[in-house]
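I have placed the structure first, in the form of structure tokens, so that the comments after it can refer back to it.
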Amino acid sequence: MDYNKLANLLFPQIKKTPADYEAIYPPRNLPEGAKVTRLGPSPTGFIHLGNLYGAFVDERLAHQSGGVFFLRIEDTDDKREVQGAIPMLIQALHHFGVNFDEGATMNGEVGDYGPYQQSKRGEIYQCFAKYLVSQGLAYPCFMTEEEIAAVREEQEAKKVNPGIYGEYAKCRDLSFEEVVDRISDGQEYVIRFKSNGSLENHFTVVDAIRGELTMPENDQDVVILKKTGIPTYHFAHVVDDHLMRTTHVVRGEEWLSSLPIHVALFNALGWELPTYCHTTVLMKMDGETKRKLSKRKDPELSLEYYKQEGYHPLAVREYLLTILNSNYEEWRIANPDAPAEDFQFTAEKMSSSGTLFDLDKLNDICKDVLAKMSAEEVLRYMLDWAEEYQPAIAAMMKDDPDKMIKIFSIDRGGDKPRKDLVYCRQIFHFISYFFDDHFMIEDDYPAEVSMKDAKAILNRYFQEYDENDDNPAWFEKMKAMAGDMGYAIKPKDFKKNPDQYKGHVGHVSNVIRLAITGRTNSPDLWLIQQIMGKEQVRGRIAQAFQDIG
RNA sequence: GGCUCCAUGGUCAAGCGGUUAAGACACCGCCCUUUCACGGCGGUAACCCGGGUUCGAUUCCCGGUGGAGUCACCA
């Protein structure tokens, strides 16, 4: 069989040779040790936390080593493509601090190793497919869906591995004439890799995250070119990552099982393997069991969700880095104010067991991140969020920026900043009592205080409240009132002799707190009232008095 | 089912033959405090099981068990 003849029959339009492409895409001129990584999303318009997690690995590995991080669009499946997905993806990643040096961008492509969209690289893949055919390492396969299904049935009956390989690869040894006949007959075909591997033989590769991996050789005649001439992922990955000179391939562990295919392909083409970094999948609790994050089942884990809720990108990044590198957390404790970029990230320190997504931890990290920001930064951040998702709230906040700054300044800075701001939606709710339109009584009056007393407290407070009182003076009045009404002035006294008092001054002030903020817990009440102003304070007190009836 | 990966408290995890088995989150208690929060102190809680190897296994090997992933002309 003259494979060259076959190759020319199949790919008459392909004139370039592999050597031509080697010349067009020469090895990159980078310093020793620089890593080249890439993100290769398919433009389905959906990206979740797990994708971001992987993107951080790519980004850190490349930028920490003075290398290149590029974006390649893997759009070889036209059925799944979603319009406008690419800019959305770039923006979403940018929002979380992931930026590319090369590849697809908002304004076309940047870089010398393009095109960076697989749908535009048809000729390149075909050239290498042609080469494989010419070497007798690939062949046209005319099997129809029905034939393949029949083979599968037979294999299931025989309890052998399913797939097209060995004796089941019916088009493996077609003669040149037969191929000509079938083509002129109008039969459609795919190009399959002619595997010479065996499940009996094992090979090992070193994964940067997992160490040495042992796997059986690939024995499947996998499709490398679909009948449309478009490559499958396997083939595109091998050709692209070689030609784009990727040094480190970071991808989820769901790819582990197709690694033998990729290794076989790299070998067949005579290329050096990149360093693989198979990350663990991010898991989620689903009832009693863990399972991989799924785009269909877990829309709440999409990046868009975190943006909508107003999670600070730095916090999300911080969280992901925490679960990404086991020594990050300790480093962060030792270097609370250093930029995350200073951390020396290593693939070896990455976990290889499935990680459960922990919202509590994310929230905790959010608190720390927000506590370090200035009031101005918090306001800016809230406004950015609100303008996009809650325009009415944005307008309201912009109405009185000075007041907003005061609100966000409460217990901010200093050694012990409050940490009760988590994410925008929560933050707005947290401060909502400052706005009459959003004010609601959310808690109950303290159990220690009778309704009758509550009314009396509100009434006296209404009479005595003077916004010119400073904090100690204001609280003196509170204590006086508590004492007069049979409540302990010092909480300790009440604790010691609970029978002698109705309650303590904290309970009394909580009546006021509830009237003013709608809750039994809030930051310093005096400060809140100073920010609100006399009118609003008296209004709330009067309203509460009325509501009790 | 075949193949592969994984296995330390509820969660994330350190550990890489000898440790009182770190730390963080969550939880509980105490202190501080007009509330909450912050902060401080303390606490509950773990090496999946069974065989080896070894003077000694959480650590190395084998076998189970459990979890996950994958078996497409999807990525």
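Within every chain, numbering begins at 1; the chains are lettered A, B, ... in the order of the sequence lines, protein sequences first and strands thereafter. Everything numeric in this text was worked out from a predicted model, so none of it was measured.
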Could you measure between the two [atom1] atoms, the one in [N] and the one in [M], and give it in whole Å?
N	M	atom1	answer
B:C25	B:G17	P	30 Å
B:G56	B:G63	P	23 Å
B:U8	B:C47	C1'	4 Å
B:G64	B:G29	C1'	42 Å

Note to self: Between A:Pro491 and A:Asn161, which residue's closest nucleotide on RNA chain B lies nearer the 5′ terminus?
What the structure shows: A:Asn161
Notebook entry, point to check: Does A:His234 or A:Phe357 map to a spot on RNA chain B nearer the 5' end, using the closest nucleotide for each?
Noted result: A:Phe357
Looking across every strand, which nucleic acid part, if any, lies under 4.0 Å from [X] by heavy atom: base, sugar-phosphate, or nothing?
X	value
A:Val190	base
A:Arg251	nothing
A:Thr280	nothing
A:Met143	base

Distance check needed: [N] [atom2] versus [X] [atom1], whole Å only.
X	N	atom1	atom2	value
A:Arg513	B:U35	CZ	P	8 Å
A:Arg519	B:U34	CZ	C1'	19 Å
A:Phe142	B:C73	CZ	P	17 Å

Item checked: Residue-phosphate contact under 4.0 Å: A:Lys226 side-chain N/O, B:C74 OP1/OP2 -> yes
Check: Looking at side-chain heavy atoms only, is the closest gap between A:Phe56 and A:Val250 below 4.5 Å?
Finding: no
Next item on the list: Answer whether the closest heavy-atom distance between the side chains of A:Thr144 and A:Ile148 falls below 4.5 Å.
Entry: no
What nitrogen or oxygen pairs link the protein and nucleotides 36-42 of chain B at under 3.5 Å?
{"from": "B:C36", "atom 1": "O2", "to": "A:Arg418", "atom 2": "NH1", "distance (Å)": "2.9"}
{"from": "B:C36", "atom 1": "O2", "to": "A:Arg418", "atom 2": "NH2", "distance (Å)": "2.4"}
{"from": "B:C36", "atom 1": "O2", "to": "A:Ser522", "atom 2": "O", "distance (Å)": "3.3"}
{"from": "B:C36", "atom 1": "N3", "to": "A:Arg418", "atom 2": "NH1", "distance (Å)": "3.2"}
{"from": "B:A37", "atom 1": "O2'", "to": "A:Lys419", "atom 2": "N", "distance (Å)": "3.3"}
{"from": "B:C38", "atom 1": "O2'", "to": "A:Pro417", "atom 2": "O", "distance (Å)": "3.2"}
{"from": "B:G39", "atom 1": "OP1", "to": "A:Lys419", "atom 2": "NZ", "distance (Å)": "3.0"}

Are any protein N/O atoms closer than 3.5 Å to N/O atoms in nucleotides 27-33 of chain B? If there are, list each pair with its distance.
{"from": "B:C32", "atom 1": "OP1", "to": "A:Lys492", "atom 2": "NZ", "distance (Å)": "2.9"}

Looking at the rings of [X] and [Y], which for Trp means the six-membered one, are their centres under 6.0 Å apart?
X	Y	result
A:Tyr233	A:His262	yes
A:Trp474	A:Tyr465	no
A:Tyr423	A:Phe428	no

Checklist line | Dot-bracket pairing map - RNA chain B, Watson-Crick plus G-U, both contacts under 3.5 Å, | cross-strand | finding: ((((((((.[[[..)..(....]]].(((((.......)))))....[[[[[..)....]]]]])))))))....
Notebook entry, point to check: Are any side-chain N or O atoms of A:Asn335 and backbone N or O atoms of A:Arg332, one a donor and one an acceptor, separated by less than 3.5 Å?
Noted result: no
Note to self: Closer than 3.5 angstrom, by distance alone: can the side chain of A:Arg513 be matched with the main-chain N or O of A:Gly506 as a donor-acceptor pair?
What the structure shows: no
Margin query: Looking at every non-hydrogen atom in both residues, tell me the closest pair between A:Phe193 and A:Ala268 and how far apart they are.
Written below: CE1-CB, 3.6 Å
Can you give each donor-acceptor pair under 3.5 Å made by side-chain atoms of residues 349-356 of chain A, sequence neighbours left out, with the distance rounded to 0.1 Å?
{"from": "A:Ser351", "atom 1": "OG", "to": "A:Ser353", "atom 2": "N", "distance (Å)": "3.2"}
{"from": "A:Ser351", "atom 1": "OG", "to": "A:Ser353", "atom 2": "O", "distance (Å)": "3.3"}
{"from": "A:Ser351", "atom 1": "OG", "to": "A:Ser353", "atom 2": "OG", "distance (Å)": "3.4"}

Item checked: Presence of salt bridge, A:Arg192 and A:Asp221, under 4.0 angstrom -> no
Check: So, A:Asp240 and A:Arg38, do they make that salt bridge, N to O below 4.0 Å?
Finding: no
Between the protein and nucleotides 4-8 of chain B, which nitrogen or oxygen pairs are less than 3.5 angstrom apart?
{"from": "B:C5", "atom 1": "O2'", "to": "A:Arg210", "atom 2": "NH1", "distance (Å)": "2.4"}

Which protein N or O atoms sit under 3.5 Å from an N or O of nucleotides 20-24 of chain B?
{"from": "B:A24", "atom 1": "O2'", "to": "A:Glu329", "atom 2": "OE2", "distance (Å)": "2.5"}
{"from": "B:A24", "atom 1": "O2'", "to": "A:Lys361", "atom 2": "NZ", "distance (Å)": "3.2"}
{"from": "B:A24", "atom 1": "N3", "to": "A:Lys361", "atom 2": "NZ", "distance (Å)": "2.9"}

Margin query: Could you tell me if A:Arg182 sits above the aromatic ring of A:Tyr189, with its cationic atom closer than 6.0 Å to the ring centre and no more than 45 degrees from the axis?
Written below: no
